[in-house]
Every structure is written in structure tokens, then in C-alpha cells.
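First up is the structure itself, then whatever we jot down about it.
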Amino acid sequence: MAKLVVSFEGVVEGHYFLDKERFTIGRKSDSDIFLDGPGVSNIHAVIVTISNDHVLEDATSTNGILVNGKKVAKHILQNNDVIELSAYQLKYINQRATSDMDFDKTMIMKAVQPEADELPEPGTLQARPQLATAVFSARSVKTGFPLGGVKNMKGPQPGEEILISRPLKTFGQPGMQVVMISRRPHGYYVTHVEGKKHPRVNGKSIGTQPWLLQENDLIEAGDVKLKFFMQH
């Protein structure tokens, strides 16, 4: 099981196992990892579990996060990564944090502001207030791969079609129910990100593992209901 080894100014203070879907790190007394030090925000960072991997996200902290000496907004943690929050160091230990189905797990997501032509129309289906880009190695996505998308089957804009032209896109309500659709070398996969219930594809729960999507698959996650298609 993955864990964080927490040190303060070089002295180990504790070991924390990442045994649930969502971890909070900060100065709030009810944080999953409580760090009562100067420079640490009330809710400084969040770690979300996706299968065998963990996504670290800066929770709009005052002083930010460093991973291996570099400032990040979002980062898929890899074995032996060192997270720095003020004077604290959190070493991530997970021998199983390796590639799934050749998906390049060197991906680093960094939140960016959308361009003017990317701003969503009022009432359209959007997962998060911020968009995200992803940096992949050259082998992450093969050229000539058919473009996929989803059709909104429920909500204020039924029938709306959203093309998944970027390496990944999330859908749902942060903190409640979120799923991710990612474009991988062998196709499009849907993955559970957060929420008490796992997403369903054609009425069947997908559990925690990435699920390979087929034409006309129906994805349900909380209030989200999407029909997957390939652009021909």
C-alpha cells in the first residue's frame, strides 16, 4: 500500500498510508495529514487515489507545493517523489505506481486559464472551473488515432456533444463525483477519480480500474450520464 513518510527539517515525524480515495493535507485539525507549521495553509494540498496511483493537487495554498524541487499545481506521484510544503518533506512510497497499458505516467498536469475561445457557454457540461493540459512523452498518444467524444444524455444540455481532443478530460462535481476519460495508446478509458460510488458502464460498475470504452457505451456517474462515440 502506498504511503507518505513525513519529515520536518530532516527528522521523520510519521508514516501515513494512503488507504482512501481522498486525502487532505494542511493545518486544519481534521486534515488527514495534519501539519502544524508556519507556511502551511489550512487546506494546503489534496491527494486523490486513482487505481494504484495518486494525484497530488495544490488546494490554492498560499505558498505552493514543490515535487522534487519543482513547483507543481497537479502531479501524478511516482515512487520516491519528495513533496515539499514549507519546512515539511513528504516522501511518496509506492512500488505499484507504474505504467498501466503503456500509458505514460510521467504525465504532469498543470492548471491553466482557458483561452477566450475555450470558455464554456452558460449551462454547458463542464467538470471543473479550470481546464487542464497534460504533458506526455512522444509515445503517449499515437498519431492518426480516431477522435472520441461523449454525448450528454442528462442535464441542462441534453444532446450536447463534447469531443475529447486533449489527452484527458474530467466530468462531474469536484468533491462529490468525478470521472476521467483519457486517451491512451490503445483507446479511450474511463476511470473513477472520486466519489462514494464507482461509475457504471452499460449498467455495470467499473470498480477502481481503467475501463476501455467501446462505441455507444453509456457512462453513468452520479448526475452525469454520457454516451461515448468515435468520430468517423
Side-chain angles (χ1 to χ4, degrees), residues 1-8 10-37 40-61 65-68 72-101 103-109 127-128 132 168 170-182 189-201 204-211 221-222 224:
M1 182 179 293
K3 69 176 181 179
L4 290 173
V5 180
V6 179
S7 302
F8 181 76
V11 178
V12 174
E13 292 199 338
H15 296 243
Y16 296 82
F17 288 95
L18 301 176
D19 55 0
K20 66 178 190 176
E21 290 182 350
R22 190 173 186 269
F23 269 76
T24 57
I25 304 171
R27 293 186 68 182
K28 285 189 68 176
S29 59
D30 61 350
S31 297
D32 295 298
I33 300 179
F34 174 58
L35 304 178
D36 187 18
V40 179
S41 299
N42 285 336
I43 302 178
H44 200 110
V46 173
I47 295 178
V48 177
T49 301
I50 304 176
S51 186
N52 295 324
D53 301 294
H54 298 90
V55 179
L56 171 72
E57 182 173 357
D58 185 354
T60 62
S61 65
I65 306 170
L66 299 180
V67 175
N68 303 327
V72 301
K74 292 185 182 181
H75 177 77
I76 294 184
L77 292 167
Q78 299 182 65
N79 191 38
N80 293 321
D81 274 352
V82 176
I83 306 164
E84 295 178 62
L85 288 76
S86 185
Y88 288 92
Q89 298 83 41
L90 292 75
K91 186 173 183 179
Y92 176 73
I93 307 295
N94 185 5
Q95 298 292 341
R96 300 179 66 187
T98 56
S99 300
D100 276 338
M101 294 165 286
F103 186 40
D104 190 351
K105 301 310 280 290
T106 62
M107 180 177 73
I108 299 175
M109 294 176 293
R128 296 175 182 267
L168 65 85
T170 54
F171 299 90
Q173 184 178 355
M176 298 292 292
Q177 187 82 38
V178 177
V179 295
M180 176 177 72
I181 297 179
S182 57
Y189 289 78
V190 60
T191 308
H192 174 71
V193 175
E194 62 178 317
K196 293 182 178 180
K197 294 184 178 180
H198 294 132
R200 297 186 302 277
V201 175
K204 181 179 179 180
S205 174
I206 68 171
T208 60
Q209 298 299 317
W211 183 282
V224 173

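Along the sequence shown, residues are numbered consecutively beginning with 1.
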Evaluate side-chain contact (heavy atoms from CB on, under 4.5 Å) for F171 paired with I181, printing each intermediate quantity in order.
CA-CA 8 Å; F171 299 90; I181 297 179; 3.8 Å; yes
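- Contact check for V46 versus I25: no side-chain heavy atoms found under the 4.5 Å cut-off.
- Under the side-chain contact (heavy atoms from CB on, under 4.5 Å) criterion, V5 pairs with K3, V12, H15, K91, I93, sequence neighbours left out.
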Report the C-alpha distance between K28 and I43 in whole Å, list the side-chain angles of each, state the deciding distance to 0.1 Å, and finish with yes or no for side-chain contact (heavy atoms from CB on, under 4.5 Å).
CA-CA 7 Å; K28 285 189 68 176; I43 302 178; 3.7 Å; yes
Checking side-chain contact (heavy atoms from CB on, under 4.5 Å) for the pair V179/T191: CA distance, chi angles, key distance, verdict?
CA-CA 6 Å; V179 295; T191 308; over 6 Å; no
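- Here D58 pairs with S61 under the side-chain hydrogen bond (donor to acceptor under 3.5 Å, both in side chains) rule; sequence neighbours left out.
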Verdict with supporting geometry, K197 and H192, side-chain contact (heavy atoms from CB on, under 4.5 Å):
CA-CA 9 Å; K197 294 184 178 180; H192 174 71; over 6 Å; no
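- Pairing each heavy atom of S41 with each of H44, the nearest pair is N-ND1, 3.0 Å.
- Smallest separation of non-hydrogen atoms from D32 and T24: OD2-N, 2.9 Å.
- Considering only heavy atoms from C-beta on, L77 comes within 4.5 Å of L56 through its side chain.
- In plain terms, the two heavy atoms of Q177 and K196 that are nearest each other are OE1-N, 4.2 Å.
- In terms of heavy-atom proximity, H54 sits nearest to T49 at CD2-OG1, 3.1 Å.
- Rounded to the nearest 0.5 angstrom, D36 CG and F8 CZ are separated by 9.5 Å.
- Contacts of F23 classified as ring pair (Phe, Tyr, Trp, His ring centres under 6.0 Å), with partners at least two apart in sequence or in another chain: none.
- Of the inter-residue distances, the one linking R200 atom CZ with S205 atom OG reads 8.0 Å to the nearest 0.5 angstrom.
- For Y16, the side-chain contact (heavy atoms from CB on, under 4.5 Å) partners two or more places apart in sequence, or in a different chain, are V6, I33.
- Partners of K204 under the side-chain hydrogen bond (donor to acceptor under 3.5 Å, both in side chains) rule, at least two apart in sequence or in another chain, do not exist in this structure.
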Run the side-chain donor-acceptor check on residues 81-89: report pairs under 3.5 Å with partners two or more places apart or on a different chain.
residue, atom, partner, partner atom, Å
D81, OD1, N68, ND2, 2.8
D81, OD2, H75, NE2, 2.9
D81, OD2, Q78, N, 2.9
S86, OG, P38, O, 2.5
Q89, NE2, A87, O, 3.0

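- Between I47 and R22 there is no side-chain heavy-atom pair separated by less than 4.5 Å.
- Contact record, M180 with T170: CB-CG2, 4.1 Å, taken as the closest heavy-atom pair.
- R27 and F34 get closest at one heavy-atom pair: O-CE1, 2.9 Å.
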